[in-house]
Structure formats: C-alpha cells, structure tokens
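Heads up: numbering here begins at 1 and tracks the sequence. Bear in mind the structure is a predicted one, so any value in this text is a computation, not a measurement.
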Amino acid sequence: MRLEILQTSLLFFGGTCLSGYAVRRLLKLEKEGILFSVALGAFCWWALMELILVPMTMRLASFSSFTVIYSVAVAIFALAGLFCWRDILDDLRKFAGNWRQYLTLGHLAALLLIVFELWFIHHHMYLEWDDTYYVNLANEAVSSDKIYWVYPETGAQADFDKRYVLSLWPIFYAWLSRLIGVVPTVMAHMIMPWLMIPLAYVVYVLIGRRLFEDDVQLQGMFLAFAVLIHLFMSGEHTTGLTFLAITPWVGKGVLAAIIVPALFYWILRAAHDNGAGNWILLGITGLGGCLTSSVGILLAPLFIGLSVFLLSLQKRQIRYLAYGILSCLPCILLGLYYIRLTH
C-alpha cells in the first residue's frame with residue numbers, strides 16, 4: 001500500500017504542479033511559487049473533469065472512454081508544463097535559497113500536526129455511512145464500465161439520480177484507481193487522505209502568505225492555527241472542519257476544506273490585483289467546486305457574489321461586481337441546467 005500511496009501522490013502532485021505552471025504561463029502569472037502551481041493545477045484538473053464528465057454522463061458514455069479522454073486531456077496540460085522548465089527551476093532556486101524562513105515555530109508545529117493527522121486517519125479511520133452510495137458509485141464505474149447507469153446501493157439498472165448527476169466526485173478517485181490499479185474503495189479510504197489533506201493546507205499556506213505578506217512568523221502561526229481548528233475545534237462529524245480530519249475523500253469535505261478557502265484566496269488576490277487572471281482562476285475554482293458536490297453549484301456563486309458585492313462597496317467600483325458575476329457564469333449555467341433536470 002505504501003507503493004500505491006507514493007505512486008498516486010507523485011501522479012497527482014507532479015501532474016497538478018506541471019499543469020499549474022502551464023496555466024500560469026497562459027495567464028501570465030509569474031513568480032508565484034511551486035505550491036501555488038500545485039493548487040492551481042488541482043483546480044484546473046477538477047474543472048476540466050466537470051467539463052468533460054457532465055456531457056459524457058448525459059450521453060451514457062462508458063467509464064473506459066471517459067478515462068481515455070480525460071487522461072489525454074490531463075497529459076496535454078502536464079506536458080505543456082514541461083515547457084515551463086525555466087520557471088520551475090527559478091522557483092526551486094528561490095525555495096532553496098529561502099528555506100530557512102519556513103523553519104519558524106509555527107511552521108514546525110503545523111508540520112507535526114499535519115503528520116499526526118495523516119497518521120491518525122491512516123490507523124484510526126472513520127467510515128462515513130454515505131460511503132455505501134458514493135464509494136460504491138466509484139466501484140460500479142470501474143467494475144461495470146458505466147459512469148452512472150447503475151444504482152450504487154443495489155446494483156440495479158437505474159435512471160440518473162438528478163441530485164448528484166452534475167457532481168460526480170467519486171469518478172475522480174475511480175479514475176485514479178483505474179490508473180494506479182487499486183479498487184476505488186482502497187483509493188478513497190487509504191490513498192485520498194494523502195492527497196486531500198496536504199492540498200488543503202497548501203491552500204492555507206497561500207492564504208497566510210496573502211494575509212501576512214511581510215511577516216513569516218505570522219504565516220506559520222496562521223497555518224498552525226488552521227491545522228488545530230481542523231483537528232480539534234469541531235464536535236460534529238458532518239461539519240466542514242471535521243470532514244478534512246476524518247473523511248477527506250468525501251466531496252462535501254473537499255468543497256468545505258479546499259474549494260471554499262481557495263475561493264476566499266482568489267477574492268483576496270482580486271481585491272489587490274484586478275488582473276483578468278485572478279477572475280479567471282476564481283471561475284475555474286468555482287467550476288471545480290461543482291464537481292465535488294451539488295451544493296457547490298449553489299454555494300460557489302453565492303460565496304463569490306456576496307464577496308464581490310462587498311468588495312464593490314468597499315472599492316466603490318461596480319466593475320468588481322461585474323467581473324465576479326462573469327466568473328460565476330459556469331456555475332450559474334450548471335445551476336440552470338440542474339433546475340431544468342429536476343423540474
């Protein structure tokens with residue numbers, strides 16, 4: 001299992017990092033660092049999956065055909081990132097020259113807590129009852145080669161459950177399981193925590209850098225506090241904080257622990273830099289949130305809309321609201337399609 005965890009981690013973090021560099025070059029976002037590229041690449045992967053998966057699901061395409069098409073699309077992004085090798089080398093040199101600044105007490109405490117969180121979930125796993133539906137949905141995709149034709153709790157042929165058909169997050173780890181060669185149940189419970197937990201804290205690192213640009217000590221304290229909140233500040237198993245600590249393979253948990261903080265991060269960037277790139281990435285992240293949960297189809301534009309409305313009031317410029325609405329268009333279109341499906 002250690003080999004499979006390592007293989008999946010290299011595939012996910014290596015692929016998303018290269019994809020992030022490709023998108024950075026496309027949007028002319030320079031000197032953002034390796035962690036920024038990893039997070040950006042992950043959001044682009046999920047947004048791309050939503051764009052490919054929804055029409056293929058509606059056309060009753062097979063899981064094998066989806067795997068081929070999506071794998072080729074992801075590979076193109078990653079290969080494009082290889083042409084950004086100068087940017088990668090510059091970021092590696094910068095990190096190697098400044099690594100001592102990340103040895104603050106806060107950073108070290110956060111690292112120890114993250115290691116403890118990974119160890120704890122690996123050895124004392126909590127199994128959510130929703131797994132009988134969501135994880136089995138991934139199992140059925142791999143075993144029957146049907147994306148959403150089989151009802152996962154009974155195995156019977158069934159029509160689409162319209163509540164979930166636009167947000168098939170389990171297909172993401174079904175795709176990973178097909179590439180790595182393990183069953184989706186193992187991928188979800190044993191391997192996904194090693195991807196989602198570090199990715200969540202990558203987002204918090206980026207938020208800390210934006211909030212406390214000139215104070216590395218406060219950045220470390222912010223990261224340590226974020227880990228502490230996710231570990232110990234929740235008494236209910238269905239809250240967003242607890243999802244990351246006990247069931248990080250669940251789509252709602254990814255939405256709460258990764259996507260929403262990432263939306264907050266893009267809003268912070270847009271408030272200081274009104275460049276088109278930040279608004280595009282806000283829209284990409286929102287679209288990626290639609291993959292994780294049907295709640296994301298509503299929550300992402302609601303969060304963005306309220307944030308840019310307040311930002312427009314603060315800046316006294318209507319253009320922030322206009323840009324925010326444009327970035328929400330993919331989510332709005334999916335929301336309208338959801339209404340059409342359910343009514």
Examine [X] and [Y] and state if one hydrophobic cluster contains both, with Ile, Leu, Val, Met, Phe, Trp and Tyr joined whenever side-chain heavy atoms are less than 4.5 Å apart.
{"X": "Phe77", "Y": "Ile69", "result": "yes"}
{"X": "Leu111", "Y": "Ile197", "result": "no"}
{"X": "Phe303", "Y": "Leu333", "result": "no"}
{"X": "Met221", "Y": "Leu105", "result": "no"}
{"X": "Phe13", "Y": "Leu3", "result": "no"}

Determine whether Met58 and Leu166 satisfy the following criterion, side-chain contact (heavy atoms from CB on, under 4.5 Å), listing intermediate values before the conclusion.
CA-CA 9 Å; Met58 295 303 173; Leu166 301 181; 3.7 Å; yes
Who are the side chain to side chain donor-acceptor pair (under 3.5 Å) partners of Trp45, not counting sequence neighbours?
Ser19
With side chains defined as the heavy atoms from C-beta onward, is the minimum distance between [X] and [Y] less than 4.5 Å?
{"X": "Leu53", "Y": "Tyr148", "value": "no"}
{"X": "Pro170", "Y": "Val135", "value": "no"}
{"X": "Ile284", "Y": "Leu40", "value": "no"}
{"X": "Ser62", "Y": "Asp145", "value": "yes"}
{"X": "Val250", "Y": "Val254", "value": "no"}
{"X": "Ile34", "Y": "Cys17", "value": "yes"}
{"X": "Leu29", "Y": "Leu281", "value": "yes"}
{"X": "His122", "Y": "Ile5", "value": "yes"}

Could you verify whether a donor N or O on one side chain and an acceptor N or O on the other, from His272 and Asn278, lie under 3.5 Å apart?
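No - no donor-acceptor pair under 3.5 Å links their side chains.
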Polar side chain donor-acceptor pair, Tyr204 to His230, under 3.5 angstrom
yes
Could you tell me whether the side chain of [X] and the main chain of [Y] form a donor-acceptor pair under 3.5 Å?
{"X": "Asp215", "Y": "Leu218", "value": "yes"}
{"X": "Arg178", "Y": "Phe63", "value": "no"}
{"X": "Thr67", "Y": "Trp175", "value": "no"}
{"X": "Thr104", "Y": "His107", "value": "yes"}
{"X": "Ser65", "Y": "Ala61", "value": "no"}
{"X": "Glu50", "Y": "Gly288", "value": "no"}

Does CG in Leu60 sit with more than 12 non-hydrogen atoms of other residues, nucleotides or ligands closer than 6.0 Å?
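Check passes, neighbour count above 12.
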If you count heavy atoms of other groups shown closer than 6.0 angstrom to CE of Met49, is the number above 12?
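Above 12, so yes.
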Enter the distance from [X]:[atom1] to [Y]:[atom2] here, rounded to the nearest 0.5 Å.
{"X": "Arg59", "Y": "Met56", "atom1": "CZ", "atom2": "CE", "result": "11.0 Å"}
{"X": "Leu313", "Y": "Leu321", "atom1": "CG", "atom2": "CG", "result": "8.5 Å"}
{"X": "Leu206", "Y": "Leu35", "atom1": "CG", "atom2": "CG", "result": "6.0 Å"}
{"X": "Leu329", "Y": "Leu334", "atom1": "CG", "atom2": "CG", "result": "11.0 Å"}
{"X": "Leu18", "Y": "Trp85", "atom1": "CG", "atom2": "CH2", "result": "14.5 Å"}
{"X": "Cys290", "Y": "Ile259", "atom1": "SG", "atom2": "CD1", "result": "9.5 Å"}

List the atom of [X], the atom of [Y], and the distance in Å for their closest heavy-atom pair.
{"X": "Pro330", "Y": "Leu287", "result": "CB-CD1, 4.0 Å"}
{"X": "Tyr173", "Y": "Ala188", "result": "CE1-CB, 3.7 Å"}
{"X": "Ala271", "Y": "Leu311", "result": "CB-CD1, 3.6 Å"}
{"X": "Ser177", "Y": "Val183", "result": "CB-C, 4.1 Å"}
{"X": "Ile332", "Y": "Ile325", "result": "CD1-O, 4.4 Å"}
{"X": "Val142", "Y": "Pro184", "result": "CG2-CG, 3.6 Å"}

Which of these, Tyr134, Trp194, Trp249, sits in a ring pair (Phe, Tyr, Trp, His ring centres under 6.0 Å) with His189?
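With His189 as partner, Tyr134, Trp194, Trp249 yield a single ring pair (Phe, Tyr, Trp, His ring centres under 6.0 Å), made by Trp249.
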Residues [X], [Y]: salt bridge by 4.0 Å N-O rule:
{"X": "Asp87", "Y": "Arg25", "result": "yes"}
{"X": "Asp91", "Y": "Arg86", "result": "no"}
{"X": "Arg269", "Y": "Glu32", "result": "yes"}

Let's go through Leu211 and Gln219 carefully: what are the C-alpha distance in whole Å and the side-chain angles of both, what is the deciding distance for side-chain contact (heavy atoms from CB on, under 4.5 Å) to 0.1 Å, and is it a yes or a no?
CA-CA 8 Å; Leu211 291 175; Gln219 292 176 21; over 6 Å; no
Selection residues 284-312 - residue pairs positive for side chain to side chain donor-acceptor pair (under 3.5 Å), sequence neighbours left out:
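Every side chain to side chain donor-acceptor pair (under 3.5 Å) pair that includes a residue of residues 284-312, provided the two are not neighbours, is Trp266-Thr285.
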Run the numbers on Met192 and Phe12 for side-chain contact (heavy atoms from CB on, under 4.5 Å), then give the verdict.
CA-CA 10 Å; Met192 285 294 286; Phe12 180 74; over 6 Å; no
Does the plane of the ring in [X] sit parallel, tilted or perpendicular to the ring in [Y]? Use 30° and 60° as the thresholds.
{"X": "Tyr164", "Y": "Tyr133", "value": "tilted"}
{"X": "Tyr323", "Y": "Trp279", "value": "tilted"}
{"X": "Trp169", "Y": "Trp46", "value": "perpendicular"}
{"X": "Phe116", "Y": "Phe120", "value": "tilted"}

I'd like to know whether Ser167 forms a side-chain contact (heavy atoms from CB on, under 4.5 Å) with Ile297, so could you lay out the CA-CA distance, the side-chain angles of the two residues, the decisive distance to 0.1 Å, and finally the verdict.
CA-CA 9 Å; Ser167 304; Ile297 299 175; 3.8 Å; yes
